[in-house]
2 protein chains.
Amino acid sequence: MPGSPLPAYNPRDYPPVAVTVDMAVFTIHDDTLRVLLVERGEEPFKGAWALPGGFVRPDEDLNAAAARELREETGVTEEDAYLEQLRSYGSPQRDPRMRVITVAYWAACPNLAPPTGGGDAARADLVPVSRVEDLSIDLAFDHTEILGDALERLRSKMEYTAVGARFCRPRFTISELRRVYEAAWNTTLDPGNFQRNVRRSSSFKKARSGDPPRGHRVGRPASLWSIRGELSSPGRPLATRRGPRAKNRG
Amino acid sequence: MPGSPLPAYNPRDYPPVAVTVDMAVFTIHDDTLRVLLVERGEEPFKGAWALPGGFVRPDEDLNAAAARELREETGVTEEDAYLEQLRSYGSPQRDPRMRVITVAYWAACPNLAPPTGGGDAARADLVPVSRVEDLSIDLAFDHTEILGDALERLRSKMEYTAVGARFCRPRFTISELRRVYEAAWNTTLDPGNFQRNVRRSSSFKKARSGDPPRGHRVGRPASLWSIRGELSSPGRPLATRRGPRAKNRG
DNA sequence: CAAGGTTATTGACAGTGTGACAATAAGTGT
DNA sequence: ACACTTATTGTCACACTGTCAATAACCTTG
């Protein structure tokens with residue numbers, strides 16, 4: 001670092017601006033891709049659904065702020081979820097109170113439990129993303145746009161990385177993983193082909209043994225798999241994107 | 001908009017933070033992928049190379065700030081270049097003077113002219129990205145990381161969109177486009193295959209006529225092409241990524 | 001003008017990946 | 001043992017890719 005004196009900025013020289021993080025926390029529940037939304041308790045947009053978020057603290061890294069928000073809102077730690085910055089939104093009018101620039105993040109959480117609506121202050125819920133995509137629900141601020149971008153990134157990333165597995169527990173069956181992909185695009189995938197793609201991908205490895213998958217106890221037991229190393233590209237897509245509702249095959 | 005009074009934020013309640021945009025402006029010059037860098041004129045990092053950038057103005061959209069910086073630094077307007085937000089960087093120590101959160105953008109410019117080192121205040125230059133990638137040049141602040149991320153995004157986007165054509169003039173030959181891709185990965189592509197991929201892609205269309213390409217006047221004249229519509233995915237990659245320096249084929 | 005050189009464009013072909021779908025395996029419940 | 005369900009493995013036609021050859025169209029030179 002050079003030794004000359006630093007010409008310190010005078011913060012008063014620059015207009016006040018607040019920096020926040022907003023989170024699109026995704027999970028699969030009831031075979032449906034859902035996002036965590038909170039109900040706003042005050043103006044503006046009082047009563048409307050919004051992405052959870054909060055201010056970035058003075059000495060806090062952006063990623064740390066996002067991880068903290070994730071933990072505060074869901075109890076999920078950074079290790080248990082996949083967390084990635086999306087991009088920033090800073091339209092001058094996006095918050096009527098003052099200039100707020102928000103850094104959006106998205107997260108993939110394994111089977112998040114629906115928030116118990118119990119006597120808590122803020123109401124929160126896991127809402128199917130389709131309800132926002134078809135505009136049945138209108139989010140506060142520019143959060144509809146943010147969520148749309150987050151969904152686009154999530155789906156794109158699911159195509160060419162193993163991130164879909166972060167919706168599952170550490171050990172998962174190929175069918176569980178397939179159901180994640182089916183939920184993400186609301187479609188149906190061929191079990192045989194999906195199996196082949198996972199087996200050929202270098203991003204997954206068969207687990208030594210492990211607990212048998214619980215739940216359905218019908219049909220041939222499936223073997224367990226896990227992610228190999230970090231989320232690198234599996235070479236070719238696990239599943240090519242398909243049209244919306246092709247759940248019916250001849 | 002709800003009618004209740006807004007609980008106005010008190011800017012003094014939140015720590016001072018500055019928001020800037022930093023730009024990775026790419027272009028192809030001498031068949032080499034280059035990035036525009038400026039020499040810092042003051043501390044910190046005085047004398048070091050840095051990405052051009054500046055403060056976001058009070059009532060300025062982030063994209064507008066990036067477009068303004070691009071214009072100020074290169075004279076190129078938003079229409080002539082491809083401009084996209086990358087992500088934000090906000091480590092608390094990234095600028096020793098105060099908390100600065102920067103929103104990084106990257107741009108693809110058609111044959112940008114090398115800045116004339118003439119008596120201008122700040123020195124600027126089009127530096128081959130390889131010089132930064134191989135760490136021959138160390139950038140100020142966290143700009144090496146930003147540029148690395150921008151390069152990753154640029155190359156990734158070039159694989160599955162027609163963004164590479166934004167390095168060319170509006171009408172271009174397939175060879176010109178191929179040379180862009182060859183420069184981006186410092187590799188060699190088979191002309192026949194590349195031709196086939198472009199012709200099959202729905203992202204390009206043959207131009208009616210147009211000026212014959214200037215420059216080399218040797219060999220069979222090439223037909224001119226242009227981008228069809230916006231930059232959507234061309235279906236399959238124009239060129240799959242290859243190893244660094246495979247320029248020699250038996 | 002014909003020959004030779006250079007780039008553009010089109011074809012031919014083998015190898016590989018993909019989607020559709022059939023067949024087999026290995027459990028559960030009756 | 002039989003019926004049913006899910007997992008896993010195979011088959012096969014077809015599309016896509018990379019390699020490499022052939023042709024086209026222009027420029028320069030003798």
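What you see is a predicted model; the values in this text were computed from it and never measured. Throughout, a chain's letter reflects where its sequence line sits, starting with A, and its residues are numbered from 1. Worth knowing before you read on, the calculation uses all heavy atoms, side chains too, and leaves out hydrogens, waters and symmetry mates.
Among C:dG27, D:dC20, D:dT8, the nucleotide with an atom closest to any side-chain atom of A:Pro221 is C:dG27. The nucleotide whose nearest atom lies closest to any side-chain atom of A:Asn193 is, among C:dA20, D:dT8, C:dT9, C:dA20.
When the nearest nucleotides of DNA chain C are assigned to A:Gly192 and B:Arg199 by heavy-atom distance, the more 5′-ward of the two goes with B:Arg199.
Contacts of A:Arg196 classified as side-chain hydrogen bond (donor to acceptor under 3.5 Å, both in side chains), with partners at least two apart in sequence or in another chain: A:Asn193. For the side-chain hydrogen bond (donor to acceptor under 3.5 Å, both in side chains) test, residues two or more places apart in sequence or in another chain that qualify with A:Thr102 are A:Thr20, A:Asp22. Residues passing the side-chain hydrogen bond (donor to acceptor under 3.5 Å, both in side chains) test with A:Arg34: none are found, sequence neighbours excluded. Partners of B:Glu78 according to the side-chain hydrogen bond (donor to acceptor under 3.5 Å, both in side chains) rule, which considers only residues two or more places apart in sequence or in another chain, do not exist here. Every residue meeting the ring pair (Phe, Tyr, Trp, His ring centres under 6.0 Å) condition with A:Tyr82, not counting sequence neighbours, appears here in chain and number order: A:Trp106.
Counting to the nearest Å, the C1' atom of D:dT17 and the CZ atom of B:Arg200 are 8 Å from each other. Rounded to a whole Å, the CG atom of A:Asn197 is 17 Å from the P atom of C:dT16. Rounded to whole Å, the distance from CZ on B:Phe194 to C1' on C:dT10 is 17 Å. Taking atom CZ of residue B:Arg178 and atom P of nucleotide C:dT6, one finds them 16 Å apart after rounding to whole Å. When rounded to the nearest whole Å, the span between CZ of A:Arg220 and P of D:dA3 equals 21 Å. Note: CG (B:Asp190) to P (D:dC20) measures 9 Å, nearest angstrom. Atom P of nucleotide D:dC20 and atom CZ of B:Arg196 are separated by 14 Å, given to the nearest angstrom. In this structure, CG of A:Leu189 is placed 14 Å from C1' of C:dA20, rounded to the nearest angstrom.
A close approach under 4.0 Å does occur between a side-chain nitrogen or oxygen of A:Gln195 and OP1 or OP2 of D:dT8. Look at A:Ser175 and you'll find a side-chain N or O under 4.0 angstrom from OP1 or OP2 of D:dA7. Regarding contacts with the backbone of C:dT9, a side-chain N or O of B:Ser223 is found under 4.0 angstrom from either OP1 or OP2.
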Under 3.5 Å, which N/O atoms of the protein pair with N/O atoms of nucleotides 28-30 of chain C?
residue : atom : partner  : partner atom : Å
C:dT28  : O4'  : A:Arg217 : O            : 3.4

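Without hydrogens or angle criteria, B:Arg166 side chain to B:Pro110 main chain gives no donor-acceptor distance under 3.5 Å.
What you find for B:Ala81 and B:Val76 is that their closest heavy atoms are CB-CG1, 3.8 Å.
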